[in-house]
Chemist: 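Sharing a structure with you now.
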Amino acid sequence: MTAPVRIRPRATIALAVSGTIGVAAFGWPLLVTPDAGIAHGTDAPWTFALLLPLVLAVVLAEISERGMDAKAVAMLGVLSALGAAIRPLGAGTAGIETVFFLLVLGGRVFGPGFGFVLGNTMLFASALLTGGVGPWLPYQMLGAAWVALGAGLLPPLKGRAELVLLAVYSAVASLVYGLLLNLSFWPFALSAGSTALSFQPGGPITDNLIRLVAFSLATSLGWDIGRAVTTTILVLVTGPVLLRTLRRAARRAAFDYGRGK
């Protein structure tokens with residue numbers, strides 16, 4: 001079955017550019033000596049302003065190349081609205097995260113291109129619904145987009161093997177997501193170099209990575225494990241039904257790509 005969003009040349013370029021900007025947005029503390037006067041709240045809106053047009057470019061590139069039809073857009077809207085509706089049930093409290101399993105399953109069924117767009121639109125819609133718009137949102141959106149995109153790139157398996165693969169991926173992706181979100185604010189959470197957990201401006205990458213991991217273990221490990229456990233359980237419990245339902249919906253929609261259908 002063909003995914004409802006094809007990764008065509010222009011979409012590939014847009015994804016590569018947005019990915020490069022995303023890596024720079026998350027990883028600059030490990031590569032660049034920051035000005036101590038720069039606040040993360042000043043940096044994040046610029047990242048947000050750059051990220052959203054690039055996400056939109058993915059959609060526009062797909063539509064212009066007949067890679068995404070109206071039914072695929074409708075499916076995107078339904079899943080984004082569903083994720084926005086159920087996210088407040090957990091909202092990250094004690095690590096309970098009720099939306100990541102939809103990202104994993106949606107990306108798995110509909111492919112990496114659809115997953116990348118879904119991660120952005122779902123997190124953005126839920127932020128609007130819950131009033132969670134802030135300097136942290138672009139990082140959450142991009143991290144979620146990568147989670148769903150990665151699910152779409154997993155090797156093809158069926159039955160129990162597929163569920164086990166998705167469960168393992170859910171746990172790993174949830175922990176990596178938490179580490180990335182910590183990286184987005186960690187340089188400013190503690191005074192630079194003041195403790196063994198603090199960001200060391202200009203320090204070796206390996207040293208700062210060790211400090212980041214130690215900071216994550218000390219501050220957010222419980223939440224990250226909670227997210228991993230919740231997502232894994234929801235994938236295992238709902239996966240058999242939702243995978244069949246989403247695949248049946250995709251078949252019935254008969255997504256139209258023009259040539260090469």
Chemist: Looking only at side chains, do S174 and R227 share a donor and an acceptor under 3.5 Å apart?
Modeler: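 The answer is no; no qualifying pair exists.
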Chemist: Between S80 (side chain only) and G77 (backbone N and O only), is there a donor and an acceptor less than 3.5 Å apart?
Modeler: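 No; zero donor-acceptor contacts below 3.5 Å.
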Chemist: Checking F114 against M75 for the side-chain contact (heavy atoms from CB on, under 4.5 Å) test, could you report, in this order, the C-alpha distance in whole Å, the side-chain angles of both residues, the deciding distance, and whether it holds?
Modeler: CA-CA 10 Å; F114 186 94; M75 182 67 70; 3.9 Å; yes
Chemist: Do V78 and L128 belong together in a cluster built from hydrophobic side chains that touch within less than 4.5 Å?
Modeler: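 Cluster IDs for V78 and L128 differ.
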Chemist: Applying the 4.5 Å side-chain criterion to the ILVMFWY set and letting contacts propagate, would V172 and L154 be lumped into a single cluster?
Modeler: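 Same cluster: V172 reaches L154 through Ile, Leu, Val, Met, Phe, Trp or Tyr contacts under 4.5 Å.
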Chemist: State the CG-CG distance between L181 and D224, to the nearest 0.5 angstrom.
Modeler: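 Atom-to-atom, L181:CG and D224:CG are 8.5 Å apart.
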Chemist: Can you check side-chain contact (heavy atoms from CB on, under 4.5 Å) on Q140 and L123, steps first, answer last?
Modeler: CA-CA 7 Å; Q140 292 178 338; L123 268 289; 4.3 Å; yes
Chemist: Any chance you could measure F215, atom CZ, to L183, atom CG, to the nearest 0.5 Å?
Modeler: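 Separation between the atoms: 10.5 Å.
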Chemist: Provide the closest heavy-atom pair for N120 versus A145 in the form atom of the first, atom of the second, distance.
Modeler: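 Closest approach of N120 to A145: ND2-CB, 3.2 Å.
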Chemist: Would E162 and R247 pass as an ion pair if we require N to O under 4.0 Å?
Modeler: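 Yes, this pair counts.
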Chemist: Please say which of L82, L103, L76 ends up in a side-chain contact (heavy atoms from CB on, under 4.5 Å) with M122.
Modeler: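 Of all the options given, the one that passes is L103.
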Chemist: Do I210 and L197 share a hydrophobic cluster (ILVMFWY, side-chain heavy atoms under 4.5 Å, transitive)?
Modeler: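 No, I210 and L197 fall in different hydrophobic clusters.
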Chemist: State, with a plain yes or no, whether a side-chain heavy atom of F110 is found less than 4.5 Å away from one of L79.
Modeler: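 The answer is yes, as the side chains (C-beta and beyond) meet within the 4.5 Å cut-off.
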Chemist: Any side-chain heavy atom of T238 sitting closer than 4.5 Å to one from L102?
Modeler: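 No, every pair of side-chain atoms sits at 4.5 Å or beyond.
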Chemist: Quick check: closest heavy atoms across L179 and S216, and the distance to 0.1 Å?
Modeler: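 Answer, listing the atom of L179 first, then S216: CD1-OG, 3.3 Å.
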Chemist: Give a yes or no answer on whether the side chain of R248 reaches the backbone of L243 with a donor-acceptor pair at less than 3.5 Å.
Modeler: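 Checked: no pair found.
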Chemist: Walk me through it: do F101 and L242 pass the test side-chain contact (heavy atoms from CB on, under 4.5 Å)?
Modeler: CA-CA 10 Å; F101 80 102; L242 283 182; 3.6 Å; yes
Chemist: Tell me the closest heavy-atom pair linking P240 and L163, and the distance in Å.
Modeler: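 Here P240 and L163 meet closest at CG-CD1, 3.5 Å.
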Chemist: For a quick test of reading the model, state the closest non-hydrogen atom pair linking A144 to G119 and the distance between them.
Modeler: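 Nearest heavy atoms, A144 then G119: CB-O, 3.8 Å.
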Chemist: Looking only at heavy atoms, which two atoms of I225 and L175 are closest? And how far apart?
Modeler: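 Where I225 meets L175 most closely, the heavy atoms are N-CD2, 4.2 Å.
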Chemist: L166 and side-chain contact (heavy atoms from CB on, under 4.5 Å): which single residue from L236, V235, T232 fits?
Modeler: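 Single pass found, and it is V235.
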Chemist: One pair to check against side-chain contact (heavy atoms from CB on, under 4.5 Å): Y139 and L180. What are the steps and the verdict?
Modeler: CA-CA 8 Å; Y139 299 96; L180 285 175; over 6 Å; no
Chemist: What's the shortest heavy-atom distance between L246 and L105, and which atoms?
Modeler: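 That would be CD1-O, 4.2 Å.
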Chemist: Check whether Y169 reaches the backbone of V147 with its side chain - one donor and one acceptor, N or O, closer than 3.5 Å.
Modeler: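 Yes: the side chain of Y169 pairs with the backbone of V147.
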Chemist: Please identify which of these residues, F116, Y177, F26, meets the ring-ring contact (aromatic ring centres under 6.0 Å, His included) condition with W146.
Modeler: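 So, applying the ring-ring contact (aromatic ring centres under 6.0 Å, His included) to W146 and each of F116, Y177, F26, only F26 qualifies.
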Chemist: Would you compute the distance between atom CD1 of I86 and atom OG1 of T98 and round it to the nearest 0.5 angstrom?
Modeler: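 Between I86 CD1 and T98 OG1, I get 5.0 Å after rounding to 0.5 Å.
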Chemist: Please determine, by modelled atom types, if T231 and S170 share a side-chain donor-acceptor pair under 3.5 angstrom.
Modeler: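 Side chains of T231 and S170: no pair found under 3.5 Å.
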